[in-house]
Novice: 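Please find one structure pasted underneath; my questions will follow.
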Number of protein chains: 2
Amino acid sequence: MASRRHNRYGEGREALLAATVSVVAERGLHGLTFRAVSEVAQVNNTLISHHFGTKEALLHEAVAWATTRAIRLSELSAAEEIDESFAAALVELIAREPHLQLFQYEFVLESRRRPELREEAVALYEGYIDALERSLVRKGHTNTKALARAVFAALDGLVLQQLTVTDADSVREAVICIGALLDANLHADRQPA
Amino acid sequence: MASRRHNRYGEGREALLAATVSVVAERGLHGLTFRAVSEVAQVNNTLISHHFGTKEALLHEAVAWATTRAIRLSELSAAEEIDESFAAALVELIAREPHLQLFQYEFVLESRRRPELREEAVALYEGYIDALERSLVRKGHTNTKALARAVFAALDGLVLQQLTVTDADSVREAVICIGALLDANLHADRQPA
DNA sequence: CGTCAAACTATGCAGGTGCTTAGTTATTTG
DNA sequence: CAAATAACTAAGCACCTGCATAGTTTGACG
């Protein structure tokens, strides 16, 4: 998948973090083993102990590494309009790079069981929701905090659906539907019944 | 947690299925081991092999067992109105019995990796969405298929949030927000701009 | 070059894993 | 009651796990 031969001296740590995300995305947290990660990263499995100490620490660092790299979806969430082009872009992003999203779902479920991951999970979600809320404020919506949480949940749920049980086109239609709901809500605010 | 002492003759299989859901919900799929399940179920671990053969088969049967028992949320999804009382009931259900929901998130992620689980995952989600769509049709909405998918995704995403990163009150507000969006959408349909 | 710290690997082990084999108990059935 | 069947358990094995230990290679710097 990545470069065929070994990494250069000093690149092992980065390769291990990237491999961790890939392994969790493809095989789940129960497929996350020293051997699996080290084989994908093309290094010896004891290098994980050297760099991170324990498996828990590896996951923790991989979470930090992945969330800084998950900016593209955050940018998407802050888009000015949830319209056809937004829906197409979101669906295409998920189809092209599902790993980061899959990793995040695994990680957020794990954060319920491991208190030391909670803080980063909360920060990740609140980051998305805050960006979305700012966009809603700009467009003149009211009750933006709860609205942003609801809209993000809808996008989050649809991404999960696309990754697991639903085809891309259905998801795209549903995303457009969310945009339509927001428009209707804006007009209702301006012309209350 | 359950009854303190052993099961009666013939109840082992059911106990194992219930224990599987609990173990996956509390420790994740990587915590799903023969020993963990059998200890929770208060039986010998080889009874799993006897009844189900392999660990894969155990999970598969547990999925079927759990989905038939997840009707309560399905009934909720088919509620006539998404209002304050619906929001309160949903939030309270998740807080009181998080196991079934957590199990479903683990299972739907796993279904991406295990083709034999896909069909049941799709059926579960489509069941929820269809029930919701019927309710939307009754209320006079249009484009109900995509709308139902979007609204279910929002509820699904909010349940995930409540289970992991968000407090119950914030989720409740957001659920009410979804109801408000639907109302605004209905009125916009009747009085287009 | 020589020194040194950090990156990296080879080997191996104690404990946990899924699951097999062989045997025991309880329940049904004639 | 006796025979048959299914539920259940005890013991154990081959394999995999995280990770410790000990050693080697690499690049930076004087």
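Note on naming: letters A, B, ... go to the chains in the order of the sequence lines (proteins, then strands), and numbering restarts at 1 for each one. Note that the structure is predicted; figures quoted are calculated from it, not measured. Just so it is clear, the values below take in all heavy atoms, side chains as well, and ignore hydrogens, waters and symmetry mates.
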Novice: Using a heavy-atom cut-off of 4.0 Å to chain A, what are the terminal contacting nucleotides of DNA chain D, in 5' to 3' order?
Specialist: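 Listing 5' to 3', DNA chain D meets chain A from dT17(D) to dG27(D).
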Novice: Checking side-chain polar atoms at under 3.5 Å, does H99(B) have a donor or acceptor matched by the opposite partner on E26(B)?
Specialist: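 There is such a pair (donor and acceptor under 3.5 Å, judged by atom type) between the side chains of H99(B) and E26(B).
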Novice: Determine the contact category for T33(B): base if any of its heavy atoms lies under 4.0 Å from a base atom, sugar-phosphate if only primed atoms, P, OP1 or OP2 are that close, otherwise nothing.
Specialist: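 Result for T33(B) = sugar-phosphate.
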Novice: Would you say dC8(C) has OP1 or OP2 under 4.0 Å from some side-chain N or O of N44(A)?
Specialist: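 So the side-chain polar atoms of N44(A) never come under 4.0 Å of the phosphate oxygens OP1 or OP2 of dC8(C).
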Novice: How do N45(B) and R8(B) order along DNA chain D: which one's closest nucleotide is nearer the 5' end?
Specialist: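 Its nearest nucleotide lies further toward 5', so the answer is R8(B).
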Novice: Given dC19(C), dA7(C), dT9(C), identify the nucleotide with an atom nearest to the side chain of Y9(A).
Specialist: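 From the listed options, dA7(C) comes nearest.
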Novice: Judged by modelled atom types alone, do H51(A) and E61(A) share a side-chain donor-acceptor pair under 3.5 Å?
Specialist: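 There is no such pair (donor and acceptor under 3.5 Å, judged by atom type) between the side chains of H51(A) and E61(A).
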Novice: Are L132(A) and V91(A) grouped together when hydrophobic residues (ILVMFWY) are joined by side-chain heavy atoms under 4.5 angstrom apart?
Specialist: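 Yes, it is one cluster - the side chains of L132(A) and V91(A) are joined through contacts under 4.5 Å.
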Novice: Mind calculating the distance between CZ (F52(A)) and C1' (dC8(C)) to the nearest angstrom?
Specialist: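 It is 13 Å, rounded to the nearest whole Å.
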Novice: In whole Å, what is the span from the CG atom of L59(B) to the P atom of dG18(C)?
Specialist: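 Those two atoms, CG and P, are 12 Å apart.
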Novice: Determine the contact category for E56(B): base if any of its heavy atoms lies under 4.0 Å from a base atom, sugar-phosphate if only primed atoms, P, OP1 or OP2 are that close, otherwise nothing.
Specialist: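 Here E56(B) touches no strand at all.
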Novice: Counting heavy atoms from C-beta on, name the nucleotide in dT17(C), dT11(C), dA7(C) closest to the side chain of R35(B).
Specialist: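 Closest of the options to the side chain of R35(B): dT17(C).
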Novice: If you find the nucleotide of DNA chain C closest to E11(A) and the one closest to S49(B), which residue's nucleotide is nearer the 5' end?
Specialist: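 Final value for this comparison: E11(A).
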Novice: What is the nucleic acid contact for L32(A), judged by heavy atoms within less than 4.0 Å: base, sugar-phosphate only, or nothing?
Specialist: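 Counting heavy atoms under 4.0 Å across all strands, the contact made by L32(A) is with sugar-phosphate only.
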Novice: Determine: side-chain N/O of H30(A) to OP1/OP2 of dT17(C), distance under 4.0 Å, yes or no.
Specialist: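 No, because none of the side-chain N or O atoms of H30(A) sits under 4.0 Å from OP1 or OP2 of dT17(C).
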Novice: Indicate whether OP1 or OP2 belonging to dA7(C) is found under 4.0 Å from a side-chain N or O atom of H50(A).
Specialist: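 Result: yes.
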Novice: Tell me whether the count of non-hydrogen atoms from other residues, nucleotides or ligands lying under 6.0 Å of CD in E119(A) goes above 12.
Specialist: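 Not buried by this count: 12 neighbours or fewer within 6.0 Å.
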Novice: What integer distance in Å separates I48(A):CD1 from dA7(C):P?
Specialist: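 Interatomic distance, CD1 of I48(A) to P of dA7(C): 15 Å.
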Novice: Is E11(A) atom CD crowded by more than 12 heavy atoms from other residues, nucleotides or ligands, each under 6.0 Å away?
Specialist: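 Result for CD/E11(A): enclosed.
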Novice: Let me check something: any side-chain donor-acceptor pairs from residues 152-159 of chain A under 3.5 Å, sequence neighbours excluded? List them with distances.
Specialist:
| unit_1 | atom_1 | unit_2 | atom_2 | d |
| --- | --- | --- | --- | --- |
| D156(A) | OD1 | Y105(A) | OH | 3.0 |
| D156(A) | OD2 | Y125(A) | OH | 2.8 |

Novice: Sort out for me which residue in E133(A), E80(A), E81(A) forms a salt bridge (charged side-chain N to carboxylate O under 4.0 Å, His left out) with K139(A).
Specialist: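 Of all the options given, the one that passes is E81(A).
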Novice: Atom CG of L58(B) to atom C1' of dT17(C): distance rounded to whole Å?
Specialist: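 Computing the L58(B):CG to dT17(C):C1' distance gives 15 Å.
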Novice: For F34(B) and dG15(C), give me the distance from atom CZ to atom C1', rounded to whole Å.
Specialist: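 That distance rounds to 18 Å.
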